[in-house]
Amino acid sequence: MRTLLRWLAWVAATGAAFAAPEVALVRNPASQIPRGFPTYGLAPGGFMEILGRDMGPAQRAVARGLPLVTELAGVQVEISVGERRLNAYLRVVQANRVLAILPSETPVGETASIRVIVGGQASAPYTTRIVTSAFGFFTLNGTGEGPILVLGTDMQPRTIFNPLQPGEIAVALGTGGGVTAQTTASALPSEPTLEGILEAVKDAPEVNQAGLTEFALRFLEQLAATPLYFGPVAPGMTGVVFRVPDNNYGCWVPVQLALPVPHPGMLPSNLGKMSIKRPPRPGIVAVGEQDVCEAPIGDTRQERARKSEMDRSTSGGFFRYFRRLIDTSQPGQPVTNQNVGVASIEEEGYQGYKDYEGYEFGVLVFFFAYVFGVLDDPLTFRTAGDLFLTLPNGVTGRLPQSTTTPGLYSAGLPPEAFVSGTMRMRSTGSSFVGPFTVEMPFPLPVPALPANVPVRGLSSTGVIRRSAGPLEVDVSVFPPAGRLSPTSPQDEHYRVWLRVTNEALGGGAQAVARCPGADRTCSIPQWALEMLPTGTGFLEIARIPNRPIRAPLVPIAAAADASLTGESGVEQISPRDVFFGYGQLLFFTYIQVRVE
Amino acid sequence: VLALLASAKAQPVVNGVANVASFALSGLPHAGIAQGSIFTVFGDRMGPSSLQLAASFPLPRELGGTSMRVTVGGTAVNPIMVFTSAAQAAAILPSNTPVGDGTLTVTYQNQTSAAFPLRVVRSSFGIFALNQAGSGPAIVTDPNFVPNTMTRASNPGDVMILWGTGLGPVSGDEAAGPLPGEQDVDVRVFVGGRRADVTYRGRSGCCAGLDQIVFTVPPGPEGCAVPLVVVAGGVSSNFTSLSIAAGGRTCSDRGGLSAEQLDRAAASGALRAGVVRLFRAGSILGGPPPLPFVTVWTDQVAAAFSRYSFAGLLASQALTILPAGTCTVRQFRGEQVNVSDPAPREGLDAGPMLNLTGPRGARQVARQAAGGVYTAHLGGGGQEIPGLNAGLDPDYLERGAYSINNGSGTAAVGAFTARLTIGEEVNWTNRASVRTITRTAPLTVNWTGGDPAAEFVDITGSVVVVSRKVGATFTCRAPRSAGSFTIPAEVLSSLPASEMQEGLPTGYLAVDAAYLPVTFSAAGLEAGFFSYLRTASLPVTYR
């Protein structure tokens with residue numbers, strides 16, 4: 001008996017010598033919404049991305065073509081919902097990532113579990129949620145945020161360089177829409193091509209027919225388009241065929257697919273963006289107008305788009321002057337002027353920092369590079385060497401550069417620096433940008449911040465309840481429009497930014513609303529609030545000039561070009577890209593909140 | 001616990017049952033076991049470790065401690081043993097076994113396996129093949145029992161004997177000895193798609209359970225691998241091939257091996273050859289009809305440098321070419337189409353890598369671990385979708401000129417350079433109307449255009465029975481200039497019915513331009529072929 005036990009122990013030990021697969025995360029690869037978020041779920045027939053380790057071979061194995069396979073390189077993925085067990089269809093397996101398709105016959109369930117089985121060894125079950133529909137737009141940057149993957153009838157992606165035209169038929173691609181197709185097209189084609197589908201639906205009415213279509217594409221808060229087709233277009237893939245509305249335009253028009261009325265098990269999509277060209281304006285003949293999008297409440301990205309179209313990459317410097325009031329009193333309490341933020345600037349020749357209290361004025365400067373296709377990604381910062389700033393009041397100082405993020409410079413400024421005049425900046429240069437100087441006119445005086453910004457939906461204790469209706473900010477209390485930028489009120493807008501972090505989920509989310517400068521209120525709609533997890537965060541309310549102050553950089557030495565050799569592992573940036581800069585004066589306040 | 005372990009160890013295990021000639025996989029249309037046919041059983045612990053053969057008549061019901069039992073509809077019979085071993089055994093299914101779904105058990109040393117399902121049918125003929133796997137050159141002899149091979153090819157008009165099993169039941173004691181005589185079964189023999197005159201169909205005079213069909217080689221397609229199939233009792237057999245020459249006794253394939261090369265191989269006892277293929281496979285991915293979405297290409301290159309013994313060459317399908325106007329069918333295991341040549345070969349080292357150049361740049365093709373094989377994924381995979389399939393290579397095999405070389409070569413395979421050009425594809429004009437294929441009826445496909453240098457059009461179809469992980473695929477070759485081809489029913493009926501997977505049928509059909517291989521030469525090789533093959537598969541329902 002002891003021999004048998006030893007033998008069994010040896011077998012057990014032998015088995016333990018092989019690492020069991022570990023699953024860390026299962027999500028929709030398009031939306032990438034993490035577990036724990038209100039809109040998290042996986043849908044039958046959709047792709048799922050499994051992240052973990054020891055889940056397959058070190059080298060990626062890919063299953064191509066049809067039919068779909070349930071075993072690839074010795075890897076299987078098993079889904080259990082109640083008593084039902086199914087094998088997922090595998091497309092890609094690798095030690096740290098498995099890409100699979102949930103079979104269409106997977107039952108819905110709030111407590112489904114997923115196991116990865118490698119060579120007979122199974123991971124611990126990962127609990128997930130199977131819902132009827134959990135559509136996610138694929139986005140160009142592959143993160144679930146930003147510009148979505150949308151094709152025109154010419155099968156070409158529509159981007160800021162090649163925006164959608166109002167009225168054209170387009171298809172947005174995603175996954176997780178569920179297994180049931182919905183269409184308003186009365187006669188779908190027999191020829192199985194997307195072109196055929198588009199041909200068939202192009203004359204279909206946009207309105208709902210016979211209750212066939214439930215989902216709607218919404219642009220900002222408007223119900224702007226009813227999909228002509230919403231359903232499977234390939235294994236794992238969902239397509240949304242729609243007619244581009246003519247009541248929204250811009251480089252970054254937010255878009256979401258959702259039911260007009262929430263329905264259990266039918267989750268709204270991630271929020272993406274589309275580029276839509278401005279509709280033709282009656283009586284105005286565009287002369288030499290490029291076929292690019294135009295941001296109605298724009299910033300500099302249109303310019304970047306134009307440049308990127310030429311260069312496939314872009315870069316630049318951005319100078320942002322701001323006036324900020326930080327409320328460090330109790331969360332949700334009215335904003336007061338009792339600010340304790342520290343502002344400093346390291347003056348040239350001055351050893352140490354000089355602090356200022358009260359309103360925090362500041363300057364933020366950064367140099368960046370974008371690579372084509374990821375224009376909505378966080379900036380990739382690049383150092384510009386030492387930067388020296390001469391304020392309108394004549395004070396000159398060296399701007400501190402972030403030690404963790406070279407290329408990002410910031411400093412608080414003394415209030416007395418904000419007088420009418422000219423800011424001057426000088427760079428010693430780097431391998432990214434040559435030495436330069438820049439002069440920027442500064443439109444002062446800066447108006448005072450309001451003492452209190454009323455927010456409907458925010459309790460006196462700083463609580464925002466997601467189900468309690470929209471978060472409505474009374475922006476009329478801000479100083480009269482037109483004070484921030486040197487042109488007109490139409491050149492300003494409001495931004496309401498709610499950012500929530502949930503430590504238990506290991507992340508957070510944000511909702512941003514932008515409103516024209518002439519508006520008296522600016523709101524984050526309830527559907528957007530309902531996409532956020534619970535947690536703590538902040539509410540930032542800002543008035544922002546639409547158009548920056550442009551100030552071309554002037555190279556100090558002709559040798560500047562020669563210094564643009566690029567950094568190791570960094571996209572080569574052509575020299576002319578770096579010779580532009582923007583300045584912007586922000587005006588914002590900040591409230592700590594808790595989202596429930 | 002030990003008693004349970006010992007018990008489990010001794011129990012025979014049955015993994016599969018098949019016609020001993022066709023090896024038709026369970027789930028395919030010809031997988032039924034015919035009354036009176038020889039069938040084989042695969043498994044474990046079914047008999048002695050070394051093979052034991054029934055040496056004389058009468059054949060036993062138990063051999064080397066192994067016996068079988070087939071039960072259909074409450075009737076049980078004991079098959080007549082032919083041979084047995086631990087992993088494989090064979091027996092004759094008595095002609096009086098009822099037709100229908102049943103089970104089989106194997107008993108060895110008083111331990112009986114679990115019941116394994118099988119279907120008993122009246123007729124399901126299997127043709128013996130030289131590769132002992134049911135594919136490739138058939139075992140066909142002339143009246144003097146000289147086998148048909150590439151250097152003993154038949155001429156049109158020759159009378160030949162085809163060997164197989166599964167024509168159907170006979171009367172008499174099958175264990176006692178041969179029971180020759182014409183059988184009452186409709187037998188049609190197709191050689192290169194032409195129906196041959198059949199002068200005898202029935203058991204052989206030598207052996208129990210073994211059938212022979214005597215037929216006359218019809219005029220028509222010639223070559224070293226002219227497809228050969230038998231339809232018996234309405235069921236198509238496995239597809240094999242016959243070597244046919246217009247004159248002389250050595251066959252040749254246009255664009256393939258010449259008669260001189262084969263004669264030299266016969267004289268020397270071996271042939272060394274290199275085969276390089278550019279392969280573009282396309283899947284039209286989409287939702288349920290009519291909503292497929294896009295054709296996703298996968299571009300690959302594969303090369304094999306091999307030394308075949310002459311016997312291995314005769315059994316091989318790697319160097320033969322399908323004649324125009326004919327069709328052939330292969331079966332496979334797995335979740336996707338996957339056919340291979342089981343004939344033995346010895347790999348030759350052509351160098352550490354091959355160098356491929358084309359309009360989209362240069363690629364290196366790495367030598368695989370063993371066997372003189374080189375493969376590389378060249379590109380494709382569909383539209384890159386960030387977050388989903390990042391890292392895809394762009395499509396590679398597009399129109400233009402391609403060349404491949406092995407640098408300075410090796411002692412086994414000298415330096416070579418091979419070139420070919422890919423031109424315009426054909427336009428499959430009735431694609432939109434082909435959504436459902438009735439397997440019992442012929443199907444006509446039409447096309448226009450195509451590269452004038454591409455002499456042929458290949459029509460390729462396949463079905464995967466995903467629930468059983470088996471399938472079958474056919475290829476028909478037609479002159480491109482014909483603009484049309486009708487796929488015979490005996491071809492389509494060799495495929496199983498398709499299933500549905502994620503809203504798409506698991507059946508496929510493709511119509512693509514096809515080129516003859518381009519030959520190349522290298523020191524050390526008697527033959528070299530460089531070819532391009534494209535298959536753009538449309539999901540269709542086979543019912």
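A quick note: this is a predicted structure, and the numbers were derived from the prediction, not measured. The analysis underlying the following values was restricted to heavy atoms, covering all of them including side chains, and did not include hydrogens, waters or symmetry mates. Lettering follows sequence order; numbering is per chain, from 1.
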Please identify, among A:L68, A:L99, A:V92, A:V179, the residue contributing the most non-hydrogen atom pairs under 4.5 Å to chain B. A:L68

Side chain, backbone, both or neither: which part of A:T238 has a non-hydrogen atom closer than 4.5 Å to chain B? neither

With sequence neighbours excluded, residues passing ring-ring contact (aromatic ring centres under 6.0 Å, His included) with B:Y374: B:F305

Leading residue by heavy atom contact count with chain A [cutoff under 4.5 Å; candidates B:Q336, B:K469, B:E499]: B:Q336

Passes side-chain contact (heavy atoms from CB on, under 4.5 Å), B:V491 versus B:V329? Steps please. CA-CA 7 Å; B:V491 171; B:V329 180; 4.0 Å; yes

Would you check, one step at a time, whether the test side-chain hydrogen bond (donor to acceptor under 3.5 Å, both in side chains) holds for B:T429 with B:N446? CA-CA 6 Å; B:T429 52; B:N446 305 310; 4.7 Å; no

Below 4.5 Å from any heavy atom of chain B, which atoms of A:L102 appear? Answer side chain, backbone, both or neither. backbone

Top of A:P29, A:P67, A:G142 for chain B proximity - count of heavy-atom pairs under 4.5 angstrom: A:P67

Contacts of A:T139 that satisfy side chain to side chain contact (heavy atoms under 4.5 Å, CB included) - sequence neighbours left out: A:N141, A:T143, A:I148, A:N270

Establish, yes or no, whether a centroid distance under 6.0 Å links the rings of A:F230 and A:F135. yes

